[in-house]
Amino acid sequence: MGFHGEQTAFIKTALSDLQGAWAVLRESVVEAAGFRNGNRVLVQIDEGMSWEVVRDLNRMPPIILVIRNLCLSGEAPKDVLDNIDYVGEMLEEVVEGLAKGECH
């Protein structure tokens with residue numbers, strides 16, 4: 001039985017950046033309190049930031065889509081929508097890094 005080694009520097013940094021993007025999104029939603037669906041968005045953000053989802057990044061895009069749809073239908077401020085895009089960009093970087101074998 002083999003043992004898993006510690007994650008590489010790339011994946012640690014990339015996941016840290018992704019977590020930071022989620023935190024920025026969450027903070028922007030809290031600061032924009034009062035838009036319709038805001039509370040529902042926070043629940044989805046917490047799900048997206050959960051360990052279970054981070055361990056299975058394939059679960060993240062559908063959560064981001066739900067968040068975007070809730071924010072659009074709730075007329076969230078532009079900075080919230082921009083931060084959703086930022087989360088998506090950070091996720092793409094992590095997934096691309098994994099696909100290129102830059103991390104294991």
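One distance of note links OG of Ser50 with CG of Asp56; it measures 10.0 Å at 0.5 Å rounding. Separation of atoms CD (Glu96) and CG (Leu91) is listed at 10.0 Å; rounding is to 0.5 Å.
Note on Val24: it does not cluster hydrophobically with Met90, by side-chain heavy-atom contacts below 4.5 Å among ILVMFWY residues. Taken together through direct or relayed side-chain contacts under 4.5 Å among Ile, Leu, Val, Met, Phe, Trp and Tyr, Val43 and Ile64 form parts of separate hydrophobic clusters. Using a 4.5 Å cut-off between side-chain heavy atoms of Ile, Leu, Val, Met, Phe, Trp and Tyr, with links allowed through other members, Ile63 and Leu72 fall into the same hydrophobic cluster. Under a hydrophobic-cluster definition in which Ile, Leu, Val, Met, Phe, Trp and Tyr are linked whenever side-chain heavy atoms come within less than 4.5 Å, directly or via other members, Leu65 and Leu42 are assigned to different clusters.
Within the structure, salt bridge (charged side-chain N to carboxylate O under 4.0 Å, His left out) contacts touching residues 62-74 (residues at least two apart or in different chains) are Arg68-Asp85. Within the structure, salt bridge (charged side-chain N to carboxylate O under 4.0 Å, His left out) pairs that include any residue of residues 24-36 comprise Arg26-Asp46 (at least two apart or interchain).
Applying the side chain to side chain donor-acceptor pair (under 3.5 Å) criterion to Asp79, with sequence neighbours excluded, gives no partner residue. In this structure Val66 satisfies the side-chain contact (heavy atoms from CB on, under 4.5 Å) test together with Gln44, Leu70, sequence neighbours excluded. Remark: Asn69 engages no residue in a side chain to side chain donor-acceptor pair (under 3.5 Å) (not counting sequence neighbours). Scanning for side chain to side chain donor-acceptor pair (under 3.5 Å) contacts around Asp82 gives Lys78, with sequence neighbours left out. Taking the side chain to side chain donor-acceptor pair (under 3.5 Å) definition, one finds that Glu47 meets it with Arg59, sequence neighbours left out.
Residues Leu81 and Cys71 approach most closely at CD2-CB, 3.8 Å, considering heavy atoms. Here the closest heavy-atom approach between residue Val80 and residue Ala32 is recorded as CG2-CB, 4.1 Å. Considering all non-hydrogen atoms of both residues, Glu75 and Phe35 come closest at O-CB, 4.2 Å. When all heavy atoms of Leu18 and Val87 are compared, the pair lying nearest together is CD1-O, 3.8 Å. Between Gly74 and Asn37, the closest heavy-atom pair is N-ND2, 3.6 Å.
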